[in-house]
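Each chain gets a letter, A, B and so on, in the order the sequences are listed, and its residues count up from 1. Reckoned from all heavy atoms, side chains included, excluding hydrogens, waters and symmetry mates. Quantities reported herein were computed from a predicted structural model and do not represent experimental measurements.
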There are 2 protein chains.
Amino acid sequence: MVEAARALVEESGIAALTMRALAEHLGIKAPSLYKHFPDKAAVEVELIALSLAETARAMEEAEEHFERSADAPTLLAALAAAYRADALAHPHLYCLATEGPLPRHALPEGLEERAALPLLRACDFDADQARAIWAFAHGMVTLEIHGRFPDGADLTGAWRAGVTALER
Amino acid sequence: MVEAARALVEESGIAALTMRALAEHLGIKAPSLYKHFPDKAAVEVELIALSLAETARAMEEAEEHFERSADAPTLLAALAAAYRADALAHPHLYCLATEGPLPRHALPEGLEERAALPLLRACDFDADQARAIWAFAHGMVTLEIHGRFPDGADLTGAWRAGVTALER
DNA sequence: GTCTATACCCGGATAGAC
DNA sequence: GTCTATCCGGGTATAGAC
C-alpha cells in the first residue's frame, strides 16, 4: 500500500499524491483508504520513513562494501557518491522526505540516528564536519534535481571539489 | 502589488499565497488581479525574480563592504554569512524561489549571472569550487529552515567547518 | 474492507456590467 | 481597474450500507 504511494510519487511527483489517485492506483475507491490510514498526513509520514530507511541502507552498504577506486578514493567519497545515487534514483521521494519538517515523533525509533551514523563514523564523530558534508551533499542533490545549475555544468567536478575539500 | 504578495508569503508561508488572499491583502477582489497578472504563475515568477535580485544585492554588498573580522576572516566567509542571513531573513520566500525549477526565460536578463558573480569572483572563477560552496550554503540554509538538524546542534560550528574547508 | 453517495471547502479563472 | 456573479475542478473526509 505504501509501495503504491511510493510508485505514484516517483512517477508523477508529489502533487500527484492524492487520496483519490492513490486509491485508483490500488484499484479501490478513495474512502476505503481511511480504513488503513487515519488521514493523508499518515501516508506521507510512511513515505518519509521509507525514504529515510532507504538512505540509511544506502549509506550502510556503501560503508560495508567500500573499496578504494578511481571514482571513490576514500570512504567519504564513496558515501557521497552513494548518497547522490540514492537521491537521484527517486528524486520526488527524496524531495518529499526532505523539503519539510521531519515528523520525528512519528518515525521508527532510532531511524534518524541510523541514517546519520555511517557519515558520522567516517568523520570520526566530528559533528561539525559531518554536518558540513551532509549539507553539501544535500545542497548538490537538490540543486541538481531542481535544475538549478546552468545547463551543461560539470557537476562531477563540483562533487569532487566539495568532497576532497571537506574531507580533511 | 508584488510587495503585498511577498509580505503574504513571508508571513504565512507559500501555501498562503492564493489569488483570493492576495486580493484581500490589497483590499480588492480576486478577479481584479487578472487585470495585472495573466495568472498565478506570473505572480510567483515575480516573487522568484525579487528573491533572486535580493540575494544578488546581499552578495554584492558583502563583497563591497568586506572587512576582515573575527566572524568573517575571509571574503568567502563574509559571503557565506551574508547568504545565510539573507535567506533566514525570509525563509519562505527563499524556499519559494529555490525549491522548484528556475523560470529562466521569464527572468530579467542577466539576473541569474549577477547573483552568482560575487561568489565566482571570490573563487577566482573556479566554477567547481563556487558550485561546491553554493551547494554547501544552500544545503545548510534549507536544512536549517526545515528544522532538519538535531535540536541544539551547533550550526555555527558546521558553517565554520564547511567554509574553512571549502576555502582552499 | 469495500462500496456509493455526498458533504464541504477552497482553489483558479472567466463573463460581463460599471 | 474594479466589481458581482459564477463556473468548474479537485482536494480531504464522513456516513452508512453491504
Side-chain angles (χ1 to χ4, degrees), chain A residues 1-51 90-107 146, chain B residues 1-51 90-107 146:
Chain A
M1 206 142 210
V2 178
E3 220 33 65
R6 179 218 174 96
L8 198 56
V9 167
E10 280 185 17
E11 283 164 28
S12 315
I14 302 179
L17 180 65
T18 70
M19 296 303 262
R20 291 196 220 262
L22 176 55
E24 190 170 8
H25 205 79
L26 286 163
I28 64 177
K29 303 296 179 180
S32 307
L33 289 171
Y34 290 86
K35 299 289 183 180
H36 304 271
F37 301 96
D39 51 29
K40 188 188 171 180
V43 179
E44 289 173 342
V45 166
E46 293 292 314
L47 283 179
I48 293 172
L50 189 150
S51 174
H90 34 66
H92 290 133
L93 184 64
Y94 182 85
C95 288
L96 172 66
T98 240
E99 291 176 350
L102 198 61
R104 291 196 165 88
H105 51 283
L107 252 37
H146 291 130
Chain B
M1 208 142 207
V2 177
E3 221 31 64
R6 180 219 172 95
L8 196 57
V9 167
E10 279 184 18
E11 283 164 27
S12 315
I14 302 178
L17 179 64
T18 69
M19 296 304 263
R20 294 195 217 261
L22 176 55
E24 189 169 9
H25 205 77
L26 286 164
I28 64 177
K29 303 295 180 181
S32 307
L33 290 171
Y34 290 88
K35 299 289 183 179
H36 304 270
F37 300 96
D39 52 27
K40 188 187 172 181
V43 179
E44 290 173 341
V45 165
E46 293 292 314
L47 283 179
I48 293 173
L50 189 150
S51 173
H90 32 68
H92 290 134
L93 185 63
Y94 181 85
C95 288
L96 172 67
T98 241
E99 289 176 349
L102 197 60
R104 291 195 166 89
H105 52 283
L107 252 36
H146 291 129

Heavy-atom check, side chain of B:Leu47 versus side chain of B:Val2, under 4.5 Å: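 They are in side-chain contact.
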
Report the residues that fulfil side-chain contact (heavy atoms from CB on, under 4.5 Å) with A:Glu99, sequence neighbours left out, ordered by chain and then residue number.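 Expected list: A:Cys95, A:His146, B:Glu99, B:His146.
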
Taking only N/O atoms, report every protein-nucleotides 2-5 of chain C pair under 3.5 Å with atom names and distance.
unit_1	atom_1	unit_2	atom_2	d
C:dT2	OP2	A:His36	NE2	2.7
C:dC3	OP2	A:Lys29	N	2.6
C:dC3	OP2	A:Ser32	OG	2.9

Close approaches to DNA chain D from residues 12-20 of chain A, in residue order (heavy atom, under 4.0 Å):
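Listed by number, they are A:Thr18, A:Met19, A:Arg20.
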
I'd like to check A:Leu96 versus A:His90 (side-chain heavy atoms, cut-off strictly below 4.5 Å). Are they in contact?
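They are not in contact (no side-chain heavy atoms under 4.5 Å apart), so the answer is no.
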
Would you tabulate the side-chain donor-acceptor contacts of residues 29-39 of chain A under 3.5 Å, counting partners in other chains and residues two or more places apart, or write 'none'?
unit_1	atom_1	unit_2	atom_2	d
A:Ser32	OG	A:Lys29	O	3.3
A:Asp39	OD1	A:Ala41	N	3.3
A:Asp39	OD1	A:Ala42	N	3.1

Exercise for the section: Could you grab the distance from atom CG of B:Leu50 to atom CD of B:Glu44, nearest 0.5 Å is fine? Expected result: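 Here the interatomic distance stands at 13.5 Å.
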
For DNA chain C, the dot-bracket notation using Watson-Crick and G-U wobble pairs below 3.5 Å, [ ] for pseudoknot-type crossings and | for other-strand pairs, is ||||||||||||||||||

- Task: Return the value, rounded to whole Å, for the distance between atom CD of A:Glu44 and atom P of D:dT12.
- Result: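 Distance check: A:Glu44 CD to D:dT12 P gives 9 Å.
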
Show me the side-chain donor-acceptor pairs of residues 10-25 of chain A shorter than 3.5 Å, one per line, residues at least two apart or across chains.
unit_1	atom_1	unit_2	atom_2	d
A:Glu10	OE2	A:Arg6	NE	2.7
A:Glu10	OE2	A:Arg6	NH2	2.9
A:Thr18	OG1	A:Ala21	N	3.0

How far apart are the closest heavy atoms of A:Ala97 and A:Ile48, and which atoms are they?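 Heavy atoms of A:Ala97 and A:Ile48 come nearest at CA-CG1, 3.9 Å.
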
Measure the CG-CD distance between A:Leu107 and A:Glu46 for me, rounded to the nearest 0.5 Å.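 It is 9.5 Å, given to the nearest 0.5 Å.
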
